[in-house]
Amino acid sequence: MSAQILDGKAQSERIIDQIKLQVDALAAAAKRVPSLAVILVGDDPASSIYVRNKRRACERAGVGSVSHDLPASTTQAELLALIDTLNQDPDVDGILVQMPLPRQIDPETVIESIHPDKDVDGFHPYNIGRLAVRMPTLRSCTPMGVMTLLQSVHDDMRGLNALVVGASNHVGRPMGLELLMAGCTVTTANSQTRNLPVLALQADIVVVAVGKPNLVKGEWIKEGATVADVGINRLPDGRICGDVEFEVARQRAAWITPVPGGVGPMTVASLLQNTLQAHAVHTS
């Protein structure tokens with residue numbers, strides 16, 4: 001058995017094409033189109049690549065993108081002042097602050113300073129809380145993208161055993177909430193979990209978001225399971241790999257995301273979906 005590939009790149013392109021149609025319809029009706037403010041602090045190479053990809057996706061979808069590139073010496077007060085200005089700007093629907101931030105800036109303070117209805121990353125405690133009580137508004141982009149992929153191959157996930165490896169505020173925790181809302185029986189594993197291989201072998205759905213190359217061994221994957229690998233790691237020889245031992249896992253799974261080209265593009269597509277949703281709220 002060899003797993004079929006959950007192609008996030010192709011799926012994301014379809015979503016962006018659909019968003020473009022909606023944005024074009026707004027423009028044709030002489031209405032304001034969605035606008036996203038993208039803030040990059042410093043010159044971290046990986047962050048610069050991520051931001052460039054997001055800006056390109058905005059351009060392709062017809063979504064307005066306003067860039068705010070700030071020096072690494074930017075103070076927390078300066079960044080918060082910019083966010084406050086953007087919060088009050090009626091022409092800005094979404095605010096994205098690229099992480100990580102320089103050490104003099106507290107990321108949680110920054111996240112909480114963004115108005116919840118402009119929090120298109122879905123990181124604000126208000127939006128996470130709405131998800132926890134099954135009343136989602138703007139959802140965390142990576143878990144949202146994973147759910148879109150899972151729902152493309154599972155008509156009904158109710159009753160399935162789901163394992164989330166990783167418990168970060170931005171991916172692991174909201175991922176578990178998304179799966180709970182879909183009716184799964186959810187287990188969240190972390191760095192202290194002692195019986196990870198046993199838990200993985202019981203799981204119909206495995207989502208891994210830790211940031212450790214090949215942490216989850218392919219032999220741990222249950223026959224016929226669906227695997228979503230959020231991790232993206234660069235090995236010493238320059239190759240890119242995920243958190244799951246891909247080649248072995250694909251011989252056991254029914255569906256698996258590749259790295260790259262799996263979850264990453266879906267995160268960007270979800271960001272644009274959130275921006276369109278925020279625009280609808282601001283113009284209603």
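Quick note: residue numbers are just sequence positions, from 1. These numbers were taken from a predicted model, which means no experiment stands behind them.
- Counting only residues at least two apart or on different chains, no side chain to side chain donor-acceptor pair (under 3.5 Å) pair has a member in residues 179-188.
- Among all heavy-atom pairs drawn from Leu86 and Ala37, the shortest one is CD1-CB, 3.8 Å.
- No more than 12 heavy atoms of other residues, nucleotides or ligands shown are found within 6.0 angstrom of CZ on Arg234.
- A distance-only check finds no donor-acceptor pair linking the side chain of His279 to the backbone of Thr275 [under 3.5 Å].
- A salt bridge is absent between Asp93 and Lys118; no separation between the charged side-chain nitrogens and carboxylate oxygens falls under 4.0 Å.
- Grouping the Ile, Leu, Val, Met, Phe, Trp and Tyr side chains by contacts below 4.5 angstrom, directly or via other members, places Ile95 with Phe123.
- Hydrophobic clustering (side-chain heavy atoms under 4.5 Å, transitive across Ile, Leu, Val, Met, Phe, Trp, Tyr) keeps Met144 apart from Leu272.
- Between the side chain of Arg130 and the main chain of Thr137, no donor-acceptor pair closer than 3.5 Å is present.
- Between atom SG of residue Cys141 and atom CG of residue Leu271 there is a gap of 5.0 Å, rounded to the nearest 0.5 Å.
- Using a distance-only test at 3.5 Å, with no hydrogens or angles considered, no donor-acceptor pair links the side chain of Asn190 to the main chain of Gly166.
- A donor-acceptor contact shorter than 3.5 Å is absent between the side chain of Ser12 and the backbone of Met266.
- In this structure, His124 has no ring pair (Phe, Tyr, Trp, His ring centres under 6.0 Å) partners at least two apart in sequence or on a different chain.
- Under a cut-off of 6.0 angstrom, the local environment of NZ in Lys212 is sparse, with at most 12 non-hydrogen atoms contributed by other residues, nucleotides or ligands.
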### Query
Checking side-chain contact (heavy atoms from CB on, under 4.5 Å) for the pair Thr193/Asn195: CA distance, chi angles, key distance, verdict?
CA-CA 6 Å; Thr193 301; Asn195 58 339; 3.7 Å; yes
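- Side-chain atoms of Asn233 come within 3.5 Å of backbone N or O of Gly242 as a donor-acceptor pair.
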### Task
Test side-chain contact (heavy atoms from CB on, under 4.5 Å) on Val153 and Leu149 and set out the steps.
CA-CA 7 Å; Val153 296; Leu149 288 174; over 6 Å; no
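- Taking both residues in full, the closest heavy atoms of Trp255 and Ala3 are given as N-CB, 4.0 Å, listed atom of the first, atom of the second, then distance.
- Leu276 is not listed as a side-chain neighbour of Gln273, based on a closest heavy-atom distance of 4.5 Å or more.
- Rounding to the nearest 0.5 angstrom, the gap separating the CG atom in Asp43 from the OG atom in Ser48 is 6.5 Å.
- Criterion: ILVMFWY side-chain heavy atoms under 4.5 Å apart, direct or through other members. Under it, Met147 and Val164 are part of a common hydrophobic cluster.
- Glu13 places no side-chain N or O within donor-acceptor distance of the main-chain N or O of Pro265, the cut-off being under 3.5 Å.
- Using a 4.0 Å cut-off between charged side-chain N and carboxylate O, Lys9 and Asp7 make no salt bridge.
- Between the CD atom of Gln202 and the CH2 atom of Trp220 there is a distance of 13.5 Å, given to the nearest 0.5 Å.
- Pro90 has its side chain out of reach of His282: every pair of non-hydrogen atoms, C-beta onward, lies at least 4.5 Å apart.
- The distance from the CG atom of Asp156 to the SG atom of Cys184 is 9.0 Å, given to the nearest 0.5 Å.
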### Query
Does the side-chain contact (heavy atoms from CB on, under 4.5 Å) test come out yes or no for Lys20 and Asp24, once each step is laid out?
CA-CA 6 Å; Lys20 178 74 161 62; Asp24 286 349; 2.9 Å; yes
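- Closest heavy-atom contact between Val110 and Ile105: CG2-CG2, 3.5 Å.
- With rounding to the nearest 0.5 Å, the separation of CG in Leu101 from CD1 in Ile111 is 8.5 Å.
- Side-chain atoms of Asp229 and Ile256, non-hydrogen and from C-beta on, never get closer than 4.5 Å to each other.
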### Task
Evaluate side-chain contact (heavy atoms from CB on, under 4.5 Å) for Gln251 paired with Ile221, printing each intermediate quantity in order.
CA-CA 9 Å; Gln251 299 305 315; Ile221 300 301; over 6 Å; no
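- Contact of the Val259 side chain with the Ile240 side chain is registered, since non-hydrogen atoms from C-beta on lie closer than 4.5 Å.
- Taking the side chain as every heavy atom from C-beta outward, Leu131 and Met181 approach each other to under 4.5 Å.
- Surrounding CD of Gln104 are more than 12 heavy atoms belonging to other residues, nucleotides or ligands, all under 6.0 Å away.
- Nearest heavy-atom pair, Ile114 versus Val97, reported as atom, atom and distance to 0.1 Å: CD1-CG2, 4.0 Å.
- Using a 4.5 Å heavy-atom threshold, the side chains of Leu36 and Leu96 count as touching.
- In terms of hydrophobic clustering, with Ile, Leu, Val, Met, Phe, Trp and Tyr side chains grouped at heavy-atom distances under 4.5 Å, Val63 and Val33 are assigned to a common cluster.
- A donor-acceptor pair under 3.5 Å is formed between the side chain of Gln76 and the backbone N or O of Asp106.
- Counting only N and O atoms by type, the side chains of His154 and Thr226 include a donor and acceptor under 3.5 Å apart.
- Ion pairing between a basic and an acidic side chain is recognised when a charged N comes within 4.0 Å of a carboxylate O; Arg252 and Glu223 show such pairing.
- Using a cut-off of 4.0 Å between Lys/Arg side-chain N and Asp/Glu carboxylate O, Arg55 and Asp69 are scored as salt-bridged.
- Across all their heavy atoms, Val206 and Ala203 have their closest contact at CG2-CB, 3.7 Å.
- Within the 4.5 Å cutoff, the side chain of Thr74 has no heavy atoms near those of the Pro102 side chain.
- In this structure, the side chains of Leu196 and Leu163 come closer than 4.5 Å at one or more pairs of heavy atoms.
- Nearest heavy-atom pair across Pro71 and Val41 is O-CG1, 3.5 Å.
- Using modelled atom types, no side-chain atom of Asp119 and backbone atom of Leu138 make a donor-acceptor pair closer than 3.5 Å.
- Clustering ILVMFWY residues whenever any of their side-chain heavy atoms sit less than 4.5 angstrom apart, transitively, puts Val66 in a cluster other than the one holding Val38.
- For the pair Asp44 (side chain) and Met99 (backbone), a donor-acceptor distance under 3.5 Å is absent.
- The main-chain N or O of Arg139 is found under 3.5 Å from a side-chain atom of Asn274 such that the two form a donor-acceptor pair.
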